[in-house]
Student: 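Quick one: the structure is below, and I'll ask about it shortly.
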Amino acid sequence: MKRIIFILLFLFLALGIGVYLYLNQRVVTIEQVFPGKIWAKPIENLPDLKGVGAPTAKNCGGCHTEIYEEWKLSTHANALSDIQFQSELAKPSSPKWICLNCHIPVQNQRETIVTGLINGDYFRPVEIPNPNFNIEMQKEGVTCATCHVRLDSESNQSYVIGGTGGTSPPHPVKINRKQLLDRCYDCHNETYTLNESLICSFQTGTELIATKSSESCSSCHQPEVRRSLVKPSLNKPIRTSHKHGFIGGGVPKTFDLYPDQIRLGYKPGIVLSNIKVENNTIEVILTNSNASHHVTTGDPERFYRLILVGIDRFGKTIYKEETTIGQEWTWSPVAKKVSDNRIPYKNSFLWKLDRPNLPIETYQFQAIHVRLKNITSDYMVQSSGYVSSPYKEQVEKMKDLYPHSSLIIESQYQLKTKSRKDTPLEELFKRNASRKGE
Ligand code: HEC
Ligand code: HEC
Ligand code: HEC
Ligand code: HEC
Ligand code: HEC
């Protein structure tokens with residue numbers, strides 16, 4: 001009797017361990033864990049494109065020279081080499097394969113193919129080597145093929161998605177402008193809670209839709225220009241084309257990108273509508289006139305810092321006030337939005353201050369668009385041990401290498417004459433190229 005109980009106990013235990021091991025080693029498909037999420041998988045491996053070869057940006061650039069040069073200066077082209085991205089990617093808490101799905105979104109850019117998740121756990125991907133891995137293309141970040149190249153499942157051939165039509169390319173093309181324009185939403189309009197402290201919160205698309213504007217992201221971020229779509233030697237007609245610099249908040253990823261921001265389409269979202277100095281109060285009014293989404297938008301860490309200083313007749317600063325426009329989040333123990341005073345499209349922000357009783361002759365107002373806070377980059381420098389070469393060395397020097405913010409509005413208000421003088425944007429961007437920190 002005793003023996004039977006022992007055997008039964010043993011069998012029960014073995015079964016338990018077996019079931020435990022089975023459940024814990026079970027490979028679950030990505031679709032089951034992230035149903036309907038486009039960013040959960042890269043775009044499938046793309047075979048060579050007829051008339052082009054490998055679908056790399058560099059190859060596209062062989063003919064589409066100007067578009068390629070513009071794209072190379074974009075944040076998209078820097079989406080992998082971005083020092084901040086590399087620093088965050090290296091954190092042990094980052095599910096790297098998910099991050100890479102939006103920052104290098106084509107399977108050809110990836111060393112491995114993720115075939116499933118052990119026990120459905122996104123920290124335990126099952127990975128096999130990718131036979132079509134292209135190391136050149138990996139470096140290209142959000143490369144041309146992200147938006148433009150797909151696999152025709154019937155012919156098993158790659159083709160280009162175009163938006164113009166009536167053109168004569170040497171490569172297969174299917175015209176679907178809407179698909180091209182809608183592509184932005186896949187990455188720029190996602191809010192998803194992965195776990196308590198890992199939340200992605202990009203609402204730019206929802207913000208645009210709420211304005212009922214008929215504009216697309218590209219209307220502003222890919223300004224129109226008349227030109228040939230390809231290099232002159234191919235003798236193609238002048239057509240309506242779109243700049244591919246994808247300029248956003250005017251804080252580029254490296255200092256040497258500053259000189260191209262305005263040429264490629266940078267415009268501040270906010271406009272200084274008024275500075276009013278009355279008997280007891282000062283009012284500064286900013287209006288979101290240029291961006292059909294909130295400003296700031298996208299990454300929750302971004303904000304505008306507003307600075308008002310008072311200068312006396314000797315040119316000395318005798319008064320200074322600051323405030324911010326943006327979101328505030330706490331990230332631990334759980335990620336949570338604490339406050340949000342961003343400006344929706346066509347709305348205004350009123351900054352009201354008590355007028356100081358000081359011999360001020362001139363007020364100077366500045367708006368600074370901040371992408372990265374000093375305390376955040378301090379922390380990144382401290383934890384650079386997680387990052388591997390060559391990015392480690394860059395993260396260590398990121399205070400010098402990485403633009404944290406840009407000055408986007410500066411205006412002087414003379415009390416006596418009640419006159420206002422705005423510093424031209426070109427001048428501000430010359431200064432930005434050598435401004436460091438927040
Ligand atoms: C060998 C030269 C060459 C290469 C390489 C090349 N293209 Fe083209 N492409 C052309 C020409 C020529 C046109 C047609 C221009 C015209 O008729 O005005 C064109 C047209 C296009 C169009 C517009 C089609 C339309 O009607 O909207 C897109 C989009 C495009 N190419 C994308 C790409 C992408 C992406 C790559 C790289 C994967 C690429 N091309 C590589 C020569 C090239
Ligand atoms: C596959 C994902 C993906 C798609 C699709 C995509 N983007 Fe992006 N975009 C990114 C990533 C990632 C970054 C930021 C990279 C970084 O900062 O390292 C970015 C950055 C930008 C920025 C720069 C913001 C700044 O201040 O520097 C703009 C503007 C932008 N995208 C516009 C667009 C538009 C317009 C479209 C559609 C035509 C689009 N994006 C489609 C992933 C995507
Ligand atoms: C009517 C023009 C307009 C449209 C439409 C528009 N944007 Fe913008 N966007 C701007 C302007 C202007 C800025 C610069 C804000 C600033 O620096 O003050 C901007 C900034 C951005 C930024 C940088 C955010 C920041 O605070 O640094 C991103 C990312 C962006 N836009 C993405 C998009 C996407 C995605 C869409 C479509 C869903 C879109 N935009 C539609 C005008 C527009
Ligand atoms: C983030 C998405 C995105 C990326 C990356 C991208 N494009 Fe485009 N491209 C578009 C969109 C959207 C349009 C259509 C704009 C419209 O019609 O309003 C377009 C249009 C074009 C056109 C048609 C002519 C024109 O200027 O409208 C060509 C050619 C082209 N792209 C080539 C390229 C090449 C080459 C690259 C890489 C160097 C590239 N694109 C990268 C989104 C992208
Ligand atoms: C759904 C697509 C998506 C995923 C997944 C994603 N990102 Fe991004 N990431 C973006 C977009 C879009 C931007 C640009 C946002 C903007 O400019 O407002 C961006 C920008 C960034 C930036 C630059 C922020 C800045 O202000 O310049 C960093 C750093 C970053 N991502 C890190 C990560 C890390 C780490 C992961 C994985 C935990 C990750 N991303 C996953 C889409 C994505």
Side-chain angles (χ1 to χ4, degrees), residues 37-40 42-43 46 49 51-64 67-68 74-91 93-106 141-149 158 160-171 173-177 180-190 192 194 198 200 202 204 216-222 228-231 234-239 241-242 245-253 265-266 296-302 369 371-372:
K37 294 296 178 192
I38 289 167
W39 48 261
I43 291 155
L46 299 168
L49 184 65
V52 174
T56 60
K58 197 165 169 241
N59 282 347
C60 310
C63 299
H64 299 285
I67 291 180
Y68 175 67
S74 71
T75 303
H76 281 154
N78 282 290
L80 180 69
S81 62
D82 179 358
I83 306 178
Q84 193 190 344
F85 176 68
Q86 286 295 333
S87 160
E88 289 186 17
L89 185 71
K91 283 188 199 163
S93 60
S94 286
K96 299 183 179 46
W97 66 278
I98 298 184
C99 310
L100 296 174
N101 283 348
C102 287
H103 287 252
I104 44 169
V106 183
V142 180
T143 182
C144 316
T146 307
C147 303
H148 282 293
V149 188
S158 294
V160 166
I161 304 170
T164 313
T167 54
S168 48
H171 46 69
V173 63
K174 291 187 192 176
I175 304 303
N176 190 341
R177 181 156 185 249
L180 271 182
L181 297 178
D182 287 349
R183 175 70 172 128
C184 319
Y185 287 74
D186 294 342
C187 303
H188 286 272
N189 202 45
E190 179 60 324
Y192 192 84
L194 212 51
L198 256 183
C200 120
F202 302 130
T204 311
S216 66
C217 312
S218 297
S219 339
C220 301
H221 294 287
Q222 298 191 265
S228 166
L229 308 187
V230 288
K231 58 187 175 189
L234 295 181
N235 281 317
K236 295 291 177 187
I238 306 291
R239 302 184 191 274
S241 176
H242 300 85
F246 300 97
I247 302 297
V251 192
K253 293 288 166 180
Y266 178 69
T296 53
T297 190
D299 195 278
E301 288 241 5
R302 297 185 183 181
H369 193 139
R371 182 167 214 154
L372 185 64

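Order of appearance sets the numbers: ligands from 1, and atoms from 1 within every ligand. Note that these values count all heavy atoms, side chains included, but never hydrogens, waters or copies made by symmetry.
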Student: Ligand 5 versus Tyr192, non-hydrogen atoms closer than 4.0 Å: side chain, backbone, both, neither?
Tutor: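 Neither; no heavy atom under 4.0 Å.
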Student: Applying a 4.0 Å heavy-atom criterion (strictly less than), which segment of Ile175 is in contact with ligand 1: side chain, backbone, both, or neither?
Tutor: side chain
Student: Should you measure from each heavy atom of Lys236, which atoms of ligand 1 turn up under 4.0 Å away?
Tutor: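 Going through ligand 1 atom by atom, the ones under 4.0 Å from Lys236 are 12 (C), 16 (C), 17 (O), 18 (O).
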Student: Is the shortest N/O to N/O distance between Thr164 and ligand 1 below 3.5 Å?
Tutor: yes
Student: Any nitrogen or oxygen of Asn78, main chain or side chain, under 3.5 Å from a nitrogen or oxygen of ligand 2?
Tutor: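 Asn78 vs ligand 2: no N/O contact under 3.5 Å.
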Student: Looking only at heavy atoms of Ala145, does any of them come nearer than 4.0 Å to an atom of ligand 1?
Tutor: no
Student: Out of Ser218, Cys184, Ser216, Cys187, whose heavy atom is nearest to atom 3 (C) of ligand 2?
Tutor: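 Nearest heavy atom to atom 3 (C) of ligand 2 lies in Cys187.
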Student: Tell me whether Thr167 has any N or O atom under 3.5 angstrom from an N or O of ligand 1.
Tutor: yes
Student: Say whether Arg302 and ligand 2 are in contact under the criterion: heavy-atom distance to a ligand atom below 4.0 Å.
Tutor: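 True for this residue.
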Student: Below the 3.5 angstrom mark, is there an N/O of Arg239, backbone or side chain, next to an N/O of ligand 1?
Tutor: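 Yes: some nitrogen or oxygen of Arg239 is under 3.5 Å from one in ligand 1.
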Student: Out of curiosity, is Lys91 lining ligand 5, as in a heavy atom under 4.0 Å away?
Tutor: no
Student: Tell me the protein N, O or S atoms under 2.8 Å from atom 8 (Fe) of ligand 1, in chain and number order.
Tutor: His64 NE2, His171 NE2
Student: Residue-level breakdown please: for Gln86 versus ligand 5, do any non-hydrogen atoms fall below 4.0 Å on the side chain, on the backbone, on both, or on neither?
Tutor: neither
Student: Closer than 2.8 Å to atom 8 (Fe) of ligand 5, how many protein N/O/S atoms do you count?
Tutor: 1
